[in-house]
Amino acid sequence: MTPPVGNPLLAALAEALPPEALGTADVELALHRYDAAPFSEAGRPAVVVRPETVEQVRHVLRVARALGVPVVPQGARTGLAGGANAVDGCVVLSMVRMNRILEIDRANRLVRCEPGVITADLAAAVAGEGLCYPPDPASWETCTIGGNIATGAGGLCCVKYGVTADYVLGLTVVLADGEVLRVGRDTVKGVAGYDLTRLFVGSEGTLGVIVEATLALRPPRPPELALLASFASARDAGAAAGAIIREGHVPSALELMDRATTEAVAALGHPLLAGADGATLIVASDAPDAAARVRAMAELCREAKALSVAVAEDDERCRQVLDARRMVMPALGAVAKGLPGAMTAFVEDVAVPRDRLADLVERVEEIAGEYDLYIATVGHAGDGNLHPTVLFDRADRSAVRRAGEAYDAIMAAGLELGGTITGEHGVGVLKREWLARELPPRGLRLQRDIKRLLDPEGLLNPGKVLA
């Protein structure tokens, strides 16, 4: 690409970047305006840059700072909070070409990789070395490790194995001035100084650009056994989930589907949900005594008024049970196709204390009625994290307005129940005003102070997280 005459940004970038790293075509700029979040404003970038080395990232940030141009880091753009949305005139810094796995260290159970590595590819690579990287966001086949770290992503196995943040041992970050900073360590233990690694995890590209990560690994996960229980109501399902945790079980998955979600998955043809008319709880265990654990958890479901309990007796049956959860988004997609209008899905993310889970599900059902919307709720019952999914006609102004109002009502309900506005999707653009409602004033001021310290010109992903 030959930089247009008189364009100082493109000319300066081209001094240390190959032509193929710079994209200015209209279709390319349009493609990189948004991530996967609706209701979020986005600008038009000036250029899309795809670096392949740390030095190229440093060059981009130095040029941007010298010219006062904002920089928006992006990964696979699977985020659901608008955290990777472009702003007018920015450099979109797409990290997808920095996608190498640098080292798998079996002796220390860690892996070093670049931010553009796809999560599923990393998991497969370490599995080939007899190790396991547990975090499994729903988009794990397409999302990147850098994006997972930047947003603080979760996943289905969080209840037992934790979230992305629990596996980040160290990071290499390029700061707003182009300086390279290494934080963290390779040792299992280490408490020297402030934990700057955790500061960058979940910072959504507002404090620095992640260019390398050192991640902890585990031994391979044992085979799972699972059960599927049907209930008359989400409250009964929530009671069963609470009993499972209270009795000391540590399931490898504990997922709840409300009535609307259960009906959608049943309509798509899942055999264990045929004729289901209520909420569903999916429970799995990969403990050494998984069979006994599953039987005990099945009994707790029955004591919590389960209408039926199907216990997997072999690997195939277990896969069938777990497929019910994996079928949720395809099932809701099928529902959307059957509704009139240009339907779109808005996947929400809110977390509450475990014992308030059923309260939140019931409140979401009330909100669906109040705003005349189809809302299906699925979530990680083991950690109180729910994902209400709103289907609405994006061509209908009234439906768009009601969907936005329902979104606010769900956020408010989560806070009223003692929860948080986001469990694993991040703040981005969508939730920055709600962040100010969740955090105490002094805490919010401190966060803004940290942002100013690391990015005094405010050029890194401006307008995200902090309003």
Side-chain angles (χ1 to χ4, degrees), residues 28-46 48 70-96 115 137-139 142-144 146-154 164 200-210 329 344-351 385 387-392 394 400-401 403-412 414 420-439 444 447-448 451 455 458-467:
E28 192 167 14
L29 298 180
L31 179 66
H32 287 81
R33 289 186 64 197
Y34 295 94
D35 63 13
F39 301 128
S40 54
E41 69 269 18
R44 178 180 171 84
V48 176
V71 176
V72 176
Q74 286 185 354
R77 304 192 314 281
T78 57
L80 292 165
N85 284 6
V87 298
D88 284 332
C90 75
V91 173
V92 162
L93 189 59
S94 174
M95 304 300 289
V96 295
S139 58
T142 53
C143 64
T144 63
N148 293 171
I149 295 170
T151 59
T164 299
F200 286 99
V201 175
S203 64
E204 301 185 44
T206 62
L207 302 180
V209 179
I210 297 166
M329 292 314 297
T344 191
F346 177 22
V347 183
E348 190 40 86
D349 167 46
V350 62
N385 188 192
H387 299 301
T389 299
V390 184
L391 299 183
F392 64 96
R394 61 182 178 272
V400 172
R401 174 186 55 78
E405 292 174 354
Y407 162 85
D408 284 340
I410 292 170
M411 290 294 94
T420 176
I421 59 171
T422 176
E424 56 188 9
H425 290 175
V427 176
V429 174
L430 279 180
K431 300 188 177 184
R432 61 189 177 192
E433 294 179 4
W434 280 97
L435 182 66
R437 304 189 197 189
E438 177 174 335
L439 296 182
L444 190 62
Q447 296 214 12
R448 287 173 175 153
K451 168 69 171 174
D455 181 21
L459 296 178
L460 283 176
N461 214 7
K464 314 299 169 49
V465 185
L466 298 171

Sub-4.5 Å side-chain heavy-atom contact between [X] and [Y]:
{"X": "Arg437", "Y": "Ile421", "result": "no"}
{"X": "Val390", "Y": "Glu348", "result": "no"}
{"X": "Lys464", "Y": "Val72", "result": "yes"}
{"X": "Phe392", "Y": "Thr344", "result": "yes"}
{"X": "Trp434", "Y": "Asp408", "result": "yes"}
{"X": "Asn148", "Y": "Pro137", "result": "yes"}
{"X": "Gln74", "Y": "Val48", "result": "no"}
{"X": "Thr206", "Y": "Leu466", "result": "no"}

Determine yes or no for a side-chain-to-main-chain donor-acceptor pair under 3.5 angstrom, with [X] supplying the side chain and [Y] the backbone.
{"X": "Asn85", "Y": "Glu41", "result": "yes"}
{"X": "Thr422", "Y": "His425", "result": "yes"}
{"X": "Arg44", "Y": "Asp88", "result": "no"}
{"X": "Glu204", "Y": "Val427", "result": "yes"}
{"X": "Tyr407", "Y": "Phe346", "result": "no"}
{"X": "Thr78", "Y": "Cys143", "result": "no"}
{"X": "Asn461", "Y": "Gly205", "result": "no"}
{"X": "Thr420", "Y": "Gly423", "result": "no"}
{"X": "Asp349", "Y": "Glu424", "result": "yes"}

Open item on the list: Evaluate Ile210 against Met95 for side-chain contact (heavy atoms from CB on, under 4.5 Å), listing each step before the verdict.
Closed with: CA-CA 9 Å; Ile210 297 166; Met95 304 300 289; over 6 Å; no
Which atom pair, heavy atoms only, marks the closest approach of [X] to [Y]?
{"X": "Ile410", "Y": "Pro388", "answer": "CD1-CB, 4.0 Å"}
{"X": "Ala86", "Y": "His32", "answer": "CB-O, 3.9 Å"}
{"X": "Pro73", "Y": "Val209", "answer": "CG-CG2, 4.0 Å"}
{"X": "Val92", "Y": "Pro45", "answer": "CG2-CB, 3.7 Å"}
{"X": "Pro70", "Y": "Gly89", "answer": "CD-O, 4.4 Å"}
{"X": "Thr389", "Y": "Ala345", "answer": "CG2-CB, 4.0 Å"}

Open item on the list: Restricting to ring-ring contact (aromatic ring centres under 6.0 Å, His included), what partner residues turn up for Tyr34, sequence neighbours left out?
Closed with: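 ring-ring contact (aromatic ring centres under 6.0 Å, His included) check on Tyr34 returns nothing, list empty.
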Q.
Does Glu405, at its CD atom, have more than 12 non-hydrogen atoms belonging to other residues, nucleotides or ligands within less than 6.0 Å?
A.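 More than 12 within 6.0 Å, yes.
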(Q) Quick one, Val465 with Lys451, criterion side-chain contact (heavy atoms from CB on, under 4.5 Å). Give me CA distance, side-chain angles, the key distance, then yes/no. (A) CA-CA 10 Å; Val465 185; Lys451 168 69 171 174; over 6 Å; no
Discussion item. One pair to check against side-chain contact (heavy atoms from CB on, under 4.5 Å): Ile149 and Thr164. What are the steps and the verdict?
Written reply: CA-CA 6 Å; Ile149 295 170; Thr164 299; 4.0 Å; yes
Subject >> Euclidean distance, Leu435 CG relative to Arg432 CZ, rounded to 0.5 Å >> reply: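 That separation rounds to 11.5 Å.
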Q. How many angstroms lie between OG in Ser139 and CZ in Arg77, if you round to the nearest 0.5 Å?
A.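 Answer for the OG-CZ pair, Ser139 versus Arg77, is 12.5 Å.
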